[in-house]
Amino acid sequence: MSDASVLNKKKFSLQGIIPWIIPLAIILFWQLVVSIGWVSSSVLPSPLEVLKDGIDLTIKGELPQNMSISLYRATVGFVIGGGIGFVLGFINGLSKVARLTFDSTVQMLRNIPHLALIPLVILLMGIGEPAKIFLVAIGCMFPMYINTYHGITSVDHKIIEMGKAYGLNRSAMIRKIIFPAALPTILMGVRYALGVMWTTLIVAETISASSGIGYMSTNAEQFMDMKTIVLCILIYALLGKLSDFIAKNLEIIFLDWRG
Amino acid sequence: MSDASVLNKKKFSLQGIIPWIIPLAIILFWQLVVSIGWVSSSVLPSPLEVLKDGIDLTIKGELPQNMSISLYRATVGFVIGGGIGFVLGFINGLSKVARLTFDSTVQMLRNIPHLALIPLVILLMGIGEPAKIFLVAIGCMFPMYINTYHGITSVDHKIIEMGKAYGLNRSAMIRKIIFPAALPTILMGVRYALGVMWTTLIVAETISASSGIGYMSTNAEQFMDMKTIVLCILIYALLGKLSDFIAKNLEIIFLDWRG
Amino acid sequence: HQEDNAKLKSVTIGFQAGDEFDIAKSRGQFAKKMEKKGYKVKFKEFQNGAAMMQALATGNVDYARVGDTPPVSALAAGTKLTYVAAGGTKEKGSGIIVKKNSGINSLKDLKGKRVAYTKGTSSQYMLLRALRKAGLGVDDIKWVNLDQDAAAVAYSKDKVDAWANWDPTVAQVELTENSKLLVNGKQTGAVNRSFIVSPAKFAKNHRSLSRLIIKYGEQDMHWANTHHAKVIKLMVKDLKLSKNVVQLAVKRRVFGIYKMNDEYAKEEQKIANTFYQSGILNKQVTISKHVDYLK
Amino acid sequence: MTANILMTIRDISKVYGQHIVLKNVDLDVYHHEFLALVGKSGGGKSTLLRLIAGLEQPNNGEIKQSDRLIEKTNDKARMMFQEDRLLPWMSVLDNITFASKNTQAQKEAKNLLDLVGLTEYADVYPTKLSGGQKQRLALARALFAHPDLLLLDEPLGALDALTRRNMQDLIIKVCQKKQITTILVTHDINEAVRMANRIVLIKDQGIKEVFENPYQGINTTEAKEKRALIADDILEKILN
Amino acid sequence: MTANILMTIRDISKVYGQHIVLKNVDLDVYHHEFLALVGKSGGGKSTLLRLIAGLEQPNNGEIKQSDRLIEKTNDKARMMFQEDRLLPWMSVLDNITFASKNTQAQKEAKNLLDLVGLTEYADVYPTKLSGGQKQRLALARALFAHPDLLLLDEPLGALDALTRRNMQDLIIKVCQKKQITTILVTHDINEAVRMANRIVLIKDQGIKEVFENPYQGINTTEAKEKRALIADDILEKILN
Ligand SMILES: Nc1ncnc2c1ncn2[C@@H]1O[C@H](COP(=O)(O)OP(=O)(O)OP(=O)(O)O)[C@@H](O)[C@H]1O
Ligand SMILES: Nc1ncnc2c1ncn2[C@@H]1O[C@H](COP(=O)(O)OP(=O)(O)OP(=O)(O)O)[C@@H](O)[C@H]1O
Ligand SMILES: [Mg+2]
Ligand SMILES: [Mg+2]
């Protein structure tokens, strides 16, 4: 990290370019494959066609609208699920009784594929917006839970002891020692959860949806609209880049002490 | 951890029971809900019916057969994907150039839902066994990658410096310092990957499968065989418990020094 | 003319649980007969038509047995496929189901109701036909797009009022959920026929193989029509449905594999037109251009 | 005299696995006294402090402070550990005040920072400090507290002679001013006789001898000489 | 004389942010000599060692060992850090041998473990050790290496007088036997004059003075007195 700070500006712009080399290479290769006819463009449309599809859908307003409704579902689900996972992870990390009671159950539940959960979700939540958000929340809950829990149980025993020896009460202990010490691992959970947030949407938006990027994607699959399928894949990839960007910045902001 | 070791046998048997309280409570509540007729048993079969279904399928040999083929796909996919994720995470963790080149791409790819990938997987790998294993491998790759990468980049700089000051060459540095220091985080990645391994199967086994637990589950969905749907959910949960058990034991074996 | 080169040994057929080829596969005669002719038959099971069309587009299956809508969508998407045969219909076993006590007694009553369907499948076409027949507009009902199992739960818990679907699900719902078919495919004109399609190039180069498949397939279908008891037993085992459900579904179904004709092509053309007019597909396709009327 | 006792240690033993660290230790600690613990490395000094701080429980015997049994973390004691145990995510200043609810305390903390010579480092993270600076920060943190009993485990081991001398004086001054009873673990016998009025020698799993040092704090040449004699005495007892 | 020089330090400076730690430092280190670095806490001793070990690069100037410029980790030097930096996942014995490819080395490691008094701890994890035991383990690790140049950063700060004395002798013995040039950072001036033949005083961002100590290793009363005089001289220079 420390060497990064002494890099001059020239290196910095290079650092901005390198990460895009492979994605670009993939796109070029893909264009080539389609151009020389190795696969027909009805099976795999060329990048240019996909781009055109993207522009069309943007102009028609379909894409922005789907993106924004998905963004809404994703964010609300993330906040609720991530919040619950965080709290549950925190409690289980701190209390041995809670851990014994809940951890095993959570570890069992997190293994159930979202796809398989749909009937139960409908049973519990109906087919409206809450059901979709619920599923995203479930998805985001587990990584936040696991990482928070793991982060807290791995806090160096020595500094906890130090906190005790200086008379910190439980709340101060959590705020000043346990939470900051667990934060790097928790932020890794945020990183996971941000990924899961988008990937559960595609499942959530099979529940009676008529909008959203996940809907767009499954709908395209039903109608074999490869251009849109690939467009959605690209959008997911870019959202991934965005999540990564957010996660990285959270780390930079909150973990500045790690230098 | 240390307090656990002083627990006497009586407490231990209690510790074995507590984790099952909530799952049991859920099952009892569920039986109640069905018994009082809040939901018809065609929508949500009672636990007993599900159990009977499970026994039937086991006697018929269908369940063990599907489980074993799934286990095969899961294991092979896990080994390949986990292995690649581990190696990639390791390389990116160690080399700044590799990190710049690959990390961003991986972060983008991991965000693409498996469901959305299916058309591409069929295009690349066909509809046979390789396609299914490929998808599981993709799924397991990312958590292994992220955790290995994160584990390695978070190794305490002080002991790396110590290794340098004692003339460790690169390979010894990795074997004796970086790997053991990153191991707790890597094992957390194994824990994630073991979960993902099962959840991707349900998607993988929609690609022209005629066997496997994922197939069983989607097939049951097609024909609204709710008993089998719920049975599959329970199996997934138990597999989750198994994964947790494996992960915990790996931790006990390899991280004994954390006491 | 000279086609079917001797080198070809194996032929891959995509099917779905409970369909014509599932019966042929289970009975076993089909594969034996094909083998005598020098073909090894590989059956590949799929969970839905879209996936099968995907496999067909990428050359992973040679023949695909699908419902009536997936080939239309695939053609609109530019997939080069050819209809080589048609199957029977489920006109009596598909339609819109409602609960008997729902107060919905005619198509007109659907106005303002929530109706479950699955996008891109026959049920979407079925609903469009039904609305037209009742003189209702497309927006007069609430369209609820759900997968089968999701719809089942939603229907049972009254989250939707009606459900467009086909056998054996319809039979099951009729028997377990105190429901009735408000209208069936025969009445709406959405007959829900199955088809056998092939990659265009393959179909062109293997016409006699296609004839063989139709011939032997038809023999199995004849057997199925005359041996209901055996078919029922087979399906009960395969689909894990209760016997009375399968009985109902099998009884009202006619099995068959036929050469393509104008009538079948027109049925498909109607779907294509309807989907295009409703904006579901953004390309008009002419089905007859993609049919091989094997003589 | 008993009214003057702050802490009674009775017949305590501590065993790690098979390894007996302390056996049947008895000790009284008086109000406002300055006690030093000396003994060989690995002899159980830190262990005794940890027992007193309630961070560990004895396998046998009991420790009472102001007639209350120490069963869990001792609330009336504060401890400076042998390692610095600083919080890397807090600034140097926050590392001092982190346990205080008093916002007025900021001034005292800054004052202490001056006294240990870290004024200019108030806002940096402790990773930027040298070994001795870290130790002084940990010392400031300990002196900032207002306990009945202050436990110092090798507080000055990483300091040069001059700084060490200054810190010795600082500790004595603060503890006198705040009327804090202090137990100091040190390897430096001269430091022990300079700072403490009683020196406890830990040897062979127990308290070998307690040395009274009436000359603590007196600056006459005679007192210095007497202290040197006591120091020689202690050293000899350690060696044999 | 130049032929006898192992390391030349020329005009080096080291700056952290705005903070100048070392400025225009020049020093020659001779083959097989025992050099001590003394100076106030935070004065830059550890920094100088880190520069020599190649763990950090100077902002200015150059360091050469056997005529090779130190540009990255110095392969011919080994360093004992001020903190123990033990590997928690390795047994005490493995912590000594971890960098060695020689399987024969096991015996030497065990021997060293005896010499630092940790025989019975060979197979436990270092978390079980007391502060001074950890330090001795780190010392054993350093003495186990066969470098041209050994850098010891406060190796004995956590040890009692007796153990400390024994360890001093051990260090001298091993370094002489293996013909290792040694640089020792210490706060204990008596330790410096007892062990080193030259003592370097670091003050005000540079080398204030270098004291020759021809009496190192000589056990006559006269030599002891001379050493005491040198120590007094150094102490005075530190204070002013
Ligand atoms: N990584 C760093 N970033 C910023 N400043 C640093 C860093 N490392 C050391 N310093 C500063 O450099 C100065 C010298 O530190 P150094 O560790 O060399 O001192 P020292 O002589 O070894 O002191 P001590 O005897 O206390 O160990 C200190 O003022 C310290 O704050
Ligand atoms: N957690 C532990 N598990 C096992 N043994 C321990 C543990 N902590 C300390 N010991 C052992 O107890 C003994 C006393 O340790 P302690 O830390 O009290 O010594 P000390 O007198 O403080 O020594 P030093 O001066 O080296 O710090 C040592 O032999 C040590 O190995
Ligand atoms: Mg100690
Ligand atoms: Mg230092």
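Order of the sequence lines fixes the chain letters, A, B, ..., with proteins taken first and strands second; residue numbering starts at 1 for each chain. Values reported hereafter were calculated over all heavy atoms of this structure, with side chains retained and with hydrogens, waters and symmetry mates removed.
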May I ask you to check whether over 12 heavy atoms, not counting those of [X], lie within 6.0 Å of atom [atom1]?
X: E/Lys14; atom1: NZ; value: yes
X: D/Lys110; atom1: NZ; value: no
X: E/Lys237; atom1: NZ; value: yes

Hey, which of [options] has the most heavy atom pairs under 4.5 Å with chain E?
options: D/Leu159, D/Leu162, D/Thr163; result: D/Leu159
options: D/Lys128, D/Lys134, D/Arg136; result: D/Arg136
options: D/Ser46, D/Gly17, D/Ser130; result: D/Ser130

Quiz item: Of all of E/Arg164, E/Lys40, E/Gln82, E/Gln133, which one pairs up most often with chain D through heavy atoms under 4.5 Å apart?
Solution: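 Option with the greatest count: E/Lys40.
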Q) Okay, side chain of D/His187, backbone of E/Ala161: is any donor-acceptor separation there less than 3.5 Å? A) no
Are any side-chain N or O atoms of E/Asp160 and backbone N or O atoms of D/Ser41, one a donor and one an acceptor, separated by less than 3.5 Å?
-> yes
Part of [X] within contact of chain D (heavy atom distance under 4.5 Å):
X: E/Glu154; answer: side chain
X: E/Leu235; answer: side chain
X: E/Phe81; answer: neither

